[in-house]
Asker: 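Have a look at the structure that comes next, please.
Predicted, not measured: the structure shown is a model, and the values here were computed from it. What you see below is based on every heavy atom in this structure, not just the backbone, and it leaves out hydrogens, waters and symmetry mates. Letters A, B, ... are given to chains in the order of the sequence lines, protein chains preceding strands, and every chain is numbered from 1.
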2 protein chains.
Amino acid sequence: MYKICLPKILMYICLMYTSELIKGTLKTIILNLLKERGKMYGYEITQTVKEMTNGKIQITEGALYPTLHSLEKKGDIGFEKEYIGKRVRKYYTLTDQGQKTAQVKVNEFADFIETMKYLLDIDSKTSNA
Amino acid sequence: MYKICLPKILMYICLMYTSELIKGTLKTIILNLLKERGKMYGYEITQTVKEMTNGKIQITEGALYPTLHSLEKKGDIGFEKEYIGKRVRKYYTLTDQGQKTAQVKVNEFADFIETMKYLLDIDSKTSNA
DNA sequence: TTTTATACCTAAGAAACTTATGTATAAAAT
DNA sequence: ATTTTATACATAAGTTTCTTAGGTATAAAA
């Protein structure tokens with residue numbers, strides 16, 4: 001769909017990753033952001049991730065909100081409603097359990113990266129060989 | 001299920017990754033292996049990945065075979081049957097198209113890794129902080 | 001001779017998304 | 001003034017990609 005990828009000098013440019021890759025990392029991303037920023041609301045999370053990744057990772061609301069509800073149900077996050085005029089925001093924060101979950105998930109992903117780099121022989125060859 | 005993870009000195013040890021993470025990388029793994037090794041049969045792929053990752057990534061046959069069939073249908077790989085006694089092996093090889101797909105997928109994943117490292121602030125903090 | 005390893009396969013179900021849709025307020029543009 | 005865009009929440013149907021569970025068969029090891 002939005003998979004318009006262009007080659008460039010020494011860098012692989014892709015407007016957006018295939019959803020396959022992002023699949024499975026959403027919880028990790030959310031938990032880590034909450035860990036680093038204290039409290040955030042849903043829409044803010046989508047915008048922050050989009051900005052930080054130059055649009056390469058765009059979290060859809062259809063993916064975000066069910067995930068937030070799921071994390072809350074499992075006790076990793078909690079929220080407080082805040083009104084900006086008449087418009088509501090649900091500010092989420094990590095619970096103690098969520099702090100641990102965040103650390104575990106990030107560590108696991110970091111380990112996964114190293115394994116995949118070895119398996120795919122990344123770093124020992126240039127991107128545009 | 002097999003998510004028994006233990007802390008260790010400066011290293012995060014996990015017997016096997018949650019399936020969430022591996023999800024989406026299977027095609028990339030298969031195509032890259034075929035690129036590096038020329039030809040391989042299904043069972044050999046599962047064993048090779050298991051060995052190379054010390055059991056951290058274990059491709060199930062229920063995931064592998066449908067993926068191989070899908071890649072073949074899309075024209076990325078082809079196969080030749082080979083008989084070892086009465087037992088059959090399907091040796092898969094990359095097509096020209098598959099060579100390109102492999103390169104694109106690995107590059108995309110390498111880029112994804114860099115983005116995620118930035119997003120999750122990996123490398124700038126130790127695993128067991 | 002039974003178990004394990006090798007080697008292929010499919011089908012039902014689960015998980016985690018996308019796409020589409022809905023509601024409503026506030027700001028910006030025409 | 002009115003239309004569009006941005007903000008902010010949400011759900012539901014459908015798709016993809018896996019897991020789990022089953023099936024078939026040969027060869028080697030216990």
Side-chain angles (χ1 to χ4, degrees), chain A residues 1-3 16-31 39-51 55 57-74 76-77 79-92 105 109 112, chain B residues 1-3 16-31 39-51 55 57-74 76-77 79-92 105 109 112:
Chain A
M1 221 56 98
Y2 297 104
K3 247 193 74 184
M16 196 175 156
Y17 301 121
T18 57
S19 59
E20 291 179 326
L21 290 181
I22 300 157
K23 200 173 272 189
T25 61
L26 185 52
K27 279 181 197 164
T28 308
I29 291 169
I30 292 171
L31 291 173
K39 69 171 192 175
M40 292 184 89
Y41 57 99
Y43 188 77
E44 187 184 16
I45 292 173
T46 66
Q47 298 308 303
T48 302
V49 170
K50 191 178 172 183
E51 281 165 28
I57 296 179
Q58 292 183 29
I59 300 172
T60 60
E61 298 187 317
L64 177 75
Y65 292 115
T67 302
L68 286 172
H69 301 159
S70 161
L71 285 170
E72 196 227 326
K73 207 172 181 181
K74 284 176 190 164
D76 282 323
I77 60 177
F79 68 89
E80 273 181 23
K81 284 189 180 180
E82 204 165 291
Y83 284 85
I84 312 299
K86 286 182 183 179
R87 199 155 51 182
V88 72
R89 279 181 190 168
K90 284 174 80 176
Y91 273 99
Y92 287 93
K105 288 240 169 227
F109 191 76
F112 177 66
Chain B
M1 221 58 100
Y2 297 104
K3 249 192 72 182
M16 197 176 156
Y17 300 122
T18 58
S19 59
E20 291 179 325
L21 290 180
I22 301 157
K23 199 171 272 187
T25 61
L26 186 52
K27 280 180 197 164
T28 308
I29 291 169
I30 292 172
L31 292 172
K39 69 170 192 175
M40 293 183 87
Y41 57 98
Y43 188 77
E44 187 185 13
I45 293 173
T46 65
Q47 299 307 305
T48 302
V49 170
K50 191 177 171 184
E51 281 165 27
I57 297 179
Q58 293 183 29
I59 300 173
T60 61
E61 298 187 319
L64 177 75
Y65 292 114
T67 302
L68 285 172
H69 300 159
S70 161
L71 286 170
E72 196 226 327
K73 205 171 182 181
K74 284 176 191 163
D76 281 323
I77 61 176
F79 69 88
E80 273 180 23
K81 284 188 180 182
E82 204 166 291
Y83 284 86
I84 311 299
K86 287 182 181 177
R87 200 156 49 183
V88 72
R89 279 181 190 168
K90 285 173 80 175
Y91 273 99
Y92 287 94
K105 288 240 170 225
F109 191 76
F112 177 66

Asker: So if I take every side-chain heavy atom of B/Lys86 and compare against D/dA27, D/dC9, C/dT6, which nucleotide ends up nearest?
Answerer: D/dA27
Asker: Look at all strands and tell whether A/Arg87 reaches a base, only sugar-phosphate, or nothing, counting heavy atoms closer than 4.0 Å.
Answerer: base
Asker: Hey, does the side chain of A/Lys90 come within less than 4.0 Å of D/dA10's phosphate (OP1/OP2), counting only N and O?
Answerer: yes
Asker: Please step through side-chain contact (heavy atoms from CB on, under 4.5 Å) for the pair A/Ile30 and A/Leu64, ending with a clear verdict.
Answerer: CA-CA 9 Å; A/Ile30 292 171; A/Leu64 177 75; 3.9 Å; yes
Asker: Which listed nucleotide (C/dC8, D/dC18, D/dC9) is nearest to the side chain of B/Tyr65?
Answerer: C/dC8
Asker: Measure from CG on B/Leu64 to C1' on D/dA21 and round the result to the nearest Å.
Answerer: 17 Å
Asker: Measure CD1/A/Ile84 against P/D/dT7 and give the value in whole Å, please.
Answerer: 13 Å
Asker: Specify the separation, in whole Å, of atom CZ of A/Arg89 and atom P of D/dT7.
Answerer: 10 Å
Asker: Please name the nucleotide paired to D/dA27 by Watson-Crick or G-U wobble geometry with both distances under 3.5 Å, or report none.
Answerer: C/dT4
Asker: When you get a sec, tell me which of D/dA8, C/dC8, D/dT11 is the closest nucleotide to the side chain of A/Pro66?
Answerer: D/dT11
Asker: Could you tell me the separation between the NZ atom of B/Lys73 and the P atom of D/dT17, rounded to a whole number of Å?
Answerer: 13 Å
Asker: So which one's nearest nucleotide on DNA chain C is more toward 5', A/Gly85 or A/Ala63?
Answerer: A/Ala63
Asker: Would you mind classifying the nucleic acid contact of A/Glu44 as base, sugar-phosphate or nothing, using non-hydrogen atoms under 4.0 angstrom?
Answerer: nothing
Asker: Looking at A/Tyr41, I'd like to know whether one of its side-chain N or O atoms comes within less than 4.0 Å of OP1 or OP2 on D/dA8.
Answerer: yes
Asker: Would you indicate, yes or no, if D/dC9 has its OP1 or OP2 atom less than 4.0 angstrom from a side-chain nitrogen or oxygen of A/His69?
Answerer: no
Asker: If you round to the nearest 0.5 Å, how far is CZ of A/Phe112 from OG1 of A/Thr28?
Answerer: 10.5 Å
Asker: CE of B/Met40 versus P of C/dA7: gap in Å, rounded?
Answerer: 12 Å
Asker: Starting at atom OH of B/Tyr91, determine the distance to atom C1' of C/dC8, rounded to an integer number of angstrom.
Answerer: 14 Å
Asker: For A/Ile59 and C/dA16, what is the distance between atoms CD1 and P respectively, to the nearest whole Å?
Answerer: 15 Å
Asker: Is any side-chain N of the basic residue among A/Glu82 and A/Lys39 closer than 4.0 Å to the acidic one's carboxylate O?
Answerer: yes
Asker: Specify the separation, in whole Å, of atom CD1 of A/Ile30 and atom P of C/dA16.
Answerer: 12 Å
Asker: Any donor and acceptor pair, going by atom type alone, linking the side chain of B/Gln47 with main-chain N or O of B/Glu44 inside 3.5 Å?
Answerer: no
Asker: Could you please name the option among D/dA8, C/dC8, C/dT18 that lies closest to any side-chain atom of B/Glu61?
Answerer: C/dC8
Asker: If you look at every strand shown and take non-hydrogen atoms under 4.0 Å, does B/Lys27 touch a base, only sugar-phosphate, or nothing?
Answerer: sugar-phosphate
Asker: Go through the steps for A/Tyr43 and A/Arg89 under the test side-chain contact (heavy atoms from CB on, under 4.5 Å), then give the verdict.
Answerer: CA-CA 9 Å; A/Tyr43 188 77; A/Arg89 279 181 190 168; over 6 Å; no
